[in-house]
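Here is the structure we will look at.
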Amino acid sequence: MTSQTIPVDPFDFIVFGGTGDLSERKLIPALYQRQRAGQFSEPTRIIGASRTKLSGEEFQAFARKAIDEHVPEADRDAREIDAFIARLSYVPVDAKTGDGFSELAALVGGSEAVRVFYLAVAPGLFDDIAQQLQGCGLVTPASRIVVEKPIGRSQASARELNDAIGRVFDEHQIFRIDHYLGKETVQNLMALRFANNLFEPLWKSAHIDHVQITVGETVGLEDRISYYDRAGALRDMVQNHILQLVCLVAMEPPSSLDADAVRDEKLKVLRSLSRINGGQASKSTVRGQYRAGASSSGAVKGYVDELGSESDTETFVAIKAEIENWRWAGVPFYLRTGKRLASRVSEIVIEFKPIPHSIFEESTGTISPNQLVIRLQPDEGVKQWIMIKDPGPGGMRLRHVSLDMSFADSFEDRNPDAYERLIMDVVRGNQTLFMRRDEVEAAWSWIDPILAAWEENRQPVQGYTAGTWGPSGSVALIERDGRTWHEST
Ligand code: BG6
């Protein structure tokens with residue numbers, strides 16, 4: 001048995017928004033995988049709750065379909081699926097009127113087991129649900145609440161949401177999920193930095209020239225028109241996922257893996273980010289929006305056509321960020337993310353400084369700086385680019401090659417989805433990979449001035465053809481500093 005399969009004590013897992021998209025695509029498949037891994041003890045129960053009027057059997061049928069469609073065929077085991085489905089029940093609830101909450105309370109009963117309330121619903125319902133749970137006595141010391149982004153659209157609205165949840169649950173019971181923190185390679189970043197002595201001495205401005213973080217997606221709006229057009233790439237990806245990656249790259253070594261030790265260090269990074277205000281925004285940020293073009297599936301519409309109305313929402317953003325502390329002063333962090341880009345690639349590139357002096361003649365070839373490339377997806381792995389001598393006689397010729405560690409080649413095990421790990425961390429009560437209130441609010445306090453500057457300066461979105469790496473302004477942003485984006489393929 002591996003550490004992934006240590007069974008946990010029985011628990012009740014209640015999913016609000018149980019019939020929604022997140023539940024179907026992520027939560028049910030993840031819970032099923034944990035069942036298959038042998039992690040559940042009896043009598044673990046999973047309860048769907050939402051406004052849709054369904055019977056228990058109908059919810060079970062919904063879950064079967066979700067497993068069929070979203071779990072790879074090789075992982076679908078008829079016996080395990082039946083055992084999983086037998087755990088499921090359903091209660092229709094209305095968070096506004098309170099209908100159904102007493103039925104939910106009767107079902108969950110006086111159990112002292114860990115109780116997880118997963119809010120896979122719009123943030124506008126967080127307050128109501130928390131109040132209803134409290135009103136019907138469902139909140140026990142062993143209860144935990146999980147909330148999904150977006151946690152607010154600004155620091156002020158994030159505070160309101162945090163206050164609302166905080167009136168009912170203590171901070172140690174609140175799990176703010178950022179699924180990027182559950183990704184294997186993202187956690188591996190901590191192992192790489194703090195379980196090796198090789199990198200840490202070099203991990204600072206004396207040796208690092210700059211850092212690049214790219215999260216490229218090929219998808220467009222999908223079915224999220226109303227959410228996405230109000231959010232845009234800065235709120236949707238940078239405020240949470242990308243800033244969390246910045247924190248993990250830039251934080252000081254925490255004193256332990258204890259949740260608060262790690263989160264204290266991440267918070268310091270967020271607070272050290274140099275504010276991008278007013279005029280600075282047009283130099284340090286680029287907004288883009290995709291136009292018609294091509295994706296792997298063929299010709300695709302532009303954003304405005306997909307949306308069906310005019311819009312100024314950015315589907316791409318590139319930012320030159322700076323961290324004002326001893327370790328990182330003078331080391332830019334170039335961040336970019338967008339929809340309908342050339343490929344689905346997420347990676348972190350650490351580019352080291354050039355060697356201080358070359359003993360080689362120019363004819364031996366260019367000496368490229370060392371790069372550490374941490375690939376989060378799709379093919380997770382780490383590459384360390386170094387200079388070597390080209391083998392063979394004929395004099396000294398230099399070549400840039402990579403030492404490659406592909407996870408798929410090195411490890412046979414299935415790479416669990418981020419949600420599997422994060423859900424089990426909630427059940428175990430481990431908050432290390434979840435965002436603390438102050439982190440979320442500090443992240444907004446860096447995002448808010450950028451949003452304000454864009455509005456004030458009426459900073460336009462620059463068009464880019466779907467299937468490319470974003471607008472030319474993004475290339476200019478980094479090339480102005482004499483650097484180039486790492487070619488992500
Ligand atoms: C979500 C965003 O948080 O992350 C989506 O709201 C985005 O817009 C998604 O597509 C990307 O996640 P992943 O795991 O596919 O990189």
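Read the numbers this way: they start at 1 and go in the same order the structure lists the ligands and their atoms.
The aromatic rings of Trp485 and Tyr334 sit perpendicular to each other, their planes meeting at more than 60°, with 30° as the lower class boundary. Ring geometry for Phe13 versus Phe11: interplanar angle over 60°, hence perpendicular rather than tilted (30 to 60°).
The number of heavy atoms from other shown groups lying within 6.0 Å of CZ (Arg483) is above 12.
Taking the six-membered ring wherever Trp is involved, the centroid distance between the rings of Phe316 and Tyr464 falls below 6.0 Å.
Both tests do not hold together for Arg159 against Trp444: distance to the six-membered ring centre under 6.0 Å, angle to the ring axis within 45°. A cation-pi geometry, defined here as NZ or CZ lying under 6.0 Å from the six-membered ring centre and within 45° of its normal, does not hold between Lys65 and Phe62.
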N or O contacts of ligand 1 with protein under 3.5 Å, please list pair by pair.
{"residue": "ligand 1", "atom": "3 (O)", "partner": "Lys149", "partner atom": "NZ", "Å": "2.8"}
{"residue": "ligand 1", "atom": "3 (O)", "partner": "His241", "partner atom": "NE2", "Å": "2.6"}
{"residue": "ligand 1", "atom": "4 (O)", "partner": "His241", "partner atom": "NE2", "Å": "3.4"}
{"residue": "ligand 1", "atom": "6 (O)", "partner": "Lys149", "partner atom": "NZ", "Å": "2.7"}
{"residue": "ligand 1", "atom": "6 (O)", "partner": "Arg224", "partner atom": "NH2", "Å": "2.7"}
{"residue": "ligand 1", "atom": "6 (O)", "partner": "Asp236", "partner atom": "OD1", "Å": "2.6"}
{"residue": "ligand 1", "atom": "6 (O)", "partner": "Asp236", "partner atom": "OD2", "Å": "3.4"}
{"residue": "ligand 1", "atom": "8 (O)", "partner": "Arg224", "partner atom": "NH1", "Å": "2.8"}
{"residue": "ligand 1", "atom": "8 (O)", "partner": "Asp236", "partner atom": "OD2", "Å": "2.6"}
{"residue": "ligand 1", "atom": "8 (O)", "partner": "Lys339", "partner atom": "NZ", "Å": "2.7"}
{"residue": "ligand 1", "atom": "10 (O)", "partner": "Glu217", "partner atom": "OE1", "Å": "3.3"}
{"residue": "ligand 1", "atom": "10 (O)", "partner": "Glu217", "partner atom": "OE2", "Å": "2.5"}
{"residue": "ligand 1", "atom": "10 (O)", "partner": "Lys339", "partner atom": "NZ", "Å": "3.1"}
{"residue": "ligand 1", "atom": "12 (O)", "partner": "His179", "partner atom": "NE2", "Å": "3.1"}
{"residue": "ligand 1", "atom": "14 (O)", "partner": "His179", "partner atom": "NE2", "Å": "2.8"}
{"residue": "ligand 1", "atom": "14 (O)", "partner": "Lys183", "partner atom": "NZ", "Å": "2.6"}
{"residue": "ligand 1", "atom": "15 (O)", "partner": "Arg344", "partner atom": "NH2", "Å": "3.3"}
{"residue": "ligand 1", "atom": "16 (O)", "partner": "Tyr180", "partner atom": "OH", "Å": "2.4"}
{"residue": "ligand 1", "atom": "16 (O)", "partner": "Gln377", "partner atom": "NE2", "Å": "2.6"}

